[in-house]
Amino acid sequence: RILVVDDVPDNRALLRELLRPVGFEVREATNGIEALEAFEQWPPHAVLMDMRMPVMDGYEATRRLKSAEACRATPIIATTASAFDDSRKQVMDTGADAYLRKPFRHLDIQIAIERTRKYLLLQRRLVIAEERNSLISKALEAKINRKFIGVSPQIIAINEQANLAA
């Protein structure tokens, strides 16, 4: 699930036509306000965000998305036509995770897409590992609790305090 945010219809069409054939579901927004609304209604796995748009630009939209807990982990790939290095710093200071210059080179987009796919795969693996660890932890806790049946509450409390201190 990729959210493409750009005020130029041709740019959105190009990105949509590159993303859909490789398996991404794509939604579009034409400015930062629409991007914030789309994110709430349809949380994407990544965002391609134009930096210069009317109504609300990508700088502000990216800052707002990255300041929200629910959006913080979502990769945002900034897109801009600016060729100046200082604007790259300005873009990255918003919290964007990557940067693509316009006009888009097909190879640059493919690299950004592949990096996003790898990031999302690692993120999914992390969630699975955390869920597995939680299940193991609960099973161990249940096993330990069964061992403490019949043990005085004071000893259990001392054990819990020792675990917290460790």
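- The pair D97-K66 meets the salt-bridge criterion, since a charged nitrogen lies less than 4.0 angstrom from a carboxylate oxygen.
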**OP:** Show the numbers, then the answer: is there a side-chain contact (heavy atoms from CB on, under 4.5 Å) between V5 and E28?
**Re:** CA-CA 6 Å; V5 187; E28 300 174 24; over 6 Å; no
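- Separation of atoms CG (L140) and CG (N133) is listed at 10.5 Å; rounding is to 0.5 Å.
- In this structure, the side chain of S134 does not engage the main chain of E130 through any donor-acceptor pair within 3.5 Å.
- In this structure, CG on N11 lies 7.0 Å from OG1 on T79, to the nearest 0.5 angstrom.
- Put simply, CG on L100 and CE on M51 are 11.0 Å apart, with the number rounded to the nearest 0.5 Å.
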**OP:** Report the C-alpha separation of V47 and I77 in whole Å, then their side-chain angles, then the decisive distance to 0.1 Å, and conclude whether the side-chain contact (heavy atoms from CB on, under 4.5 Å) test is met.
**Re:** CA-CA 6 Å; V47 178; I77 302 167; over 6 Å; no
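- With values rounded to the nearest 0.5 angstrom, R27 atom CZ is found 14.5 Å from R12 atom CZ.
- You'll find the side chain of L65 reaches within 4.5 Å of the side chain of M49, heavy atoms only.
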Subject >> Steps toward side-chain contact (heavy atoms from CB on, under 4.5 Å) verdict (D50, V8) >> reply: CA-CA 9 Å; D50 181 27; V8 179; 5.6 Å; no
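- In this structure, L18 and F24 have side chains that are not in contact, with every pair of non-hydrogen atoms separated by 4.5 Å or more.
- Remark: side-chain polar atoms of E60 are not paired, donor with acceptor, to backbone N or O of M56 under 3.5 angstrom.
- A salt bridge does not link R1 with E25: every distance from a Lys NZ or Arg NE/NH1/NH2 to an Asp or Glu carboxylate oxygen is 4.0 Å or more.
- Looking at every heavy atom in both residues, A29 comes nearest to A35 through CB-N, 3.7 Å.
- Looking at Y59 and R52, their side chains come closer than 4.5 Å, going by heavy atoms from C-beta outward.
- Taking each heavy atom of R20 and V26 in turn, the nearest pair found is NH2-O, 3.4 Å.
- Atom-to-atom distance recorded for L15:CG and L3:CG is 11.0 Å, nearest 0.5 angstrom.
- In this structure, D57 CG and D7 CG are separated by 10.5 Å, a value rounded to the nearest 0.5 Å.
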